[in-house]
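Read the structure below first, then the notes.
As the structure is a computational prediction, the values presented were derived from the model and not from experiment. Heavy-atom basis, side chains included; hydrogens, waters and symmetry copies ignored.
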Amino acid sequence: MLKRTGPRPLRAALVAAVAVAVAAGGTLALSTAPAAAAPAKFADDFNGDGFRDYAAPGWGEFTVTYGTATGPGTVKKRFTQNSAGVPGTAGDAGGYADGFGEDLVAADLNRDGYADLAVADRSEKVGTRAGAGAVTIMWGARSGLGTKATRLRATAVSDAGFGNELETGDFNGDGRPDLAVADGIDTISVYRGGFSTTGTTGPVTRHRPDITVTFEATGLVAGRVNKDSATDLYVLGQGYRNNRMTQDAWFLAGGSTVKRGRITTVNGSLPDYDPTGVIADFDRNGYGDLAVSDTRYGNGAGSVLVVRGTSAGPGTTYRLAQSTAGVATVAGANEGFGDDLSAGDTNRDGYPDLAVSVPEEKVGSAAQAGGLHILRGGRQGLTGTGSQWITRATAGVPGNLTAYERFGFHVRLRDLDRDGDADLFTGPADAPTSLLLKASAQGVSGTSTQTLPVAATFPQ
């Protein structure tokens, strides 16, 4: 799931359930990839050259920067619905800008050796159905994206917002990538592998919370939680309990049949309307843990709730904030700790760490200068012990400490140089470039920083 960078419409807390079905009665015919094809090595290598590429979301557009042996290169391409071959019509939708490109997920969906990109547009008018929403698959090829695009088949329902959130994973454990699509109400549609450029997919199943529960999806997070071979899914969203709005995480267990699991309350009285999350095994016990943002916590100071993984899915929880022992800074109202999250091992100790954005943090006398924490994983999970605090004032980080820059607004951890540790991409809000801070056995350092021609918003 990607952190949104554009506006999103407000929706009512209590809404009627709307069924978003696929065409032809809900199940599409299976298709097969060419027999000689081998799946892409990387889920985001769109041109099959062996290097990861970078797709940055936008509002009404997205931009792909093609990778090289040393990271993002100079070859870029911007796509809108006006681009050749892309279905649909670009334009305004009910007072909000076109949502095409707002959420992106990558996988080699047709297993032809080239990664493909699923592109969300929850604002799309389909036929006469305003706000029905749509998902477009941009197919990879030797020349990259742009040679062919296909709209995912779904029945258009007015104001359903199909494509509100996207995630990929092998949700049934058969070795083929699947695609999960949330609408703007309460339905998660899982399209099984068997994708083709003609528009066919494998069977489609739809999942909703218990009828007694009010729940509106605002985020999807995929990963392996319970040690089996299938990818699991957390649905982040807004609930309604005891006459209060809540922020929740609903678990869907992967398997031959995707099973509805329990809902964990992240915040019992104040929802985060745009939460973000990541699954990683922070304590290395074999079960994937969910780290999810709760930026409304503590008068907006923010926090991260960790839901431990177990054989049954979600287990016990613990919370980290700037008031946690060992975390360098002091919690203050409206600082947004947790606004963006990314996981990776930054110091080669085998435990995933967590990069946590704090974009509204005051640094020295500079209001909302912003920064980020890197919290260490270990046998007890994530803690504040040994954490790092990085701002423009950190030794080696270029640029001046500037009020309202919101440095650290976006964070991504990725092993760019393939030396065994996750390097840090970060930058201020809405920046088209990012700053790269290399990692080593000692962690992330400001030494030898680089400015890269890609926003730190690409799919993780």
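- The pair R52-D44 meets the salt-bridge criterion, since a charged nitrogen lies less than 4.0 angstrom from a carboxylate oxygen.
- Under a cutoff of 6.0 Å and an axis angle of 45°, R412 and F425 do not form a cation-pi pair.
- For W389 and T329, the side-chain atoms include no donor-acceptor pair closer than 3.5 Å.
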Practice problem: Applying side-chain hydrogen bond (donor to acceptor under 3.5 Å, both in side chains), run through S196 and T198 and close with a yes or a no. | Solution: CA-CA 5 Å; S196 80; T198 63; 2.7 Å; yes
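- Classification of the F100-F62 ring pair by plane angle, with boundaries at 30° and 60°, yields tilted.
- Donor-acceptor pairing under 3.5 Å is recorded for the side chains of D272 and T295.
- Side-chain polar atoms of K148 and T197 form no donor-acceptor pair below 3.5 angstrom.
- Although no hydrogens or angles enter the test, the distance criterion places a donor-acceptor pair under 3.5 Å between the side chain of D53 and the main chain of F46.
- Under the 3.5 Å distance criterion, with hydrogens and angles disregarded, no donor-acceptor pair is assigned to the side chains of D183 and N164.
- Remark: R192 does not engage D174 in a salt bridge, criterion side-chain N to carboxylate O under 4.0 Å.
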Quiz item: Would Q247 and Q238 satisfy side-chain hydrogen bond (donor to acceptor under 3.5 Å, both in side chains), going step by step from the backbone distance to the final call?
Solution: CA-CA 5 Å; Q247 181 186 343; Q238 304 162 32; over 6 Å; no
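- With 3.5 Å as the limit, one finds no donor-acceptor pair spanning the side chains of E361 and Q368.
- Taking 4.0 Å as the cut-off between side-chain N and carboxylate O, D159 and R129 do not count as a salt-bridged pair.
- In this structure, N299 places its CG atom where only 12 or fewer heavy-atom neighbours from other residues, nucleotides or ligands lie under 6.0 Å away.
- Relative to the ring axis of Y297, R319 places its NZ or CZ within 45° and under 6.0 Å from the centre.
- Side-chain atoms of E61 and T80 form no donor-acceptor pair, as typed in the model, at a separation below 3.5 Å.
- Geometrically, K227 engages Y287 in a cation-pi contact, judged by NZ or CZ lying under 6.0 Å from the ring centre and within 45° of the ring axis.
- Remark: T147 pairs with A141, S143 by the side-chain contact (heavy atoms from CB on, under 4.5 Å) rule, at least two apart or across chains.
- At distances below 3.5 Å, not a single donor-acceptor pair connects side-chain atoms of E102 with backbone N or O atoms of G60.
- Comment: D353 engages R376 in a salt bridge, judged by a side-chain N to carboxylate O separation of less than 4.0 angstrom.
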Exercise. Could you check R308 against D283 for salt bridge (charged side-chain N to carboxylate O under 4.0 Å, His left out), going step by step and ending with a plain yes or no?
Key: CA-CA 9 Å; R308 294 184 187 274; D283 53 9; 3.4 Å; yes
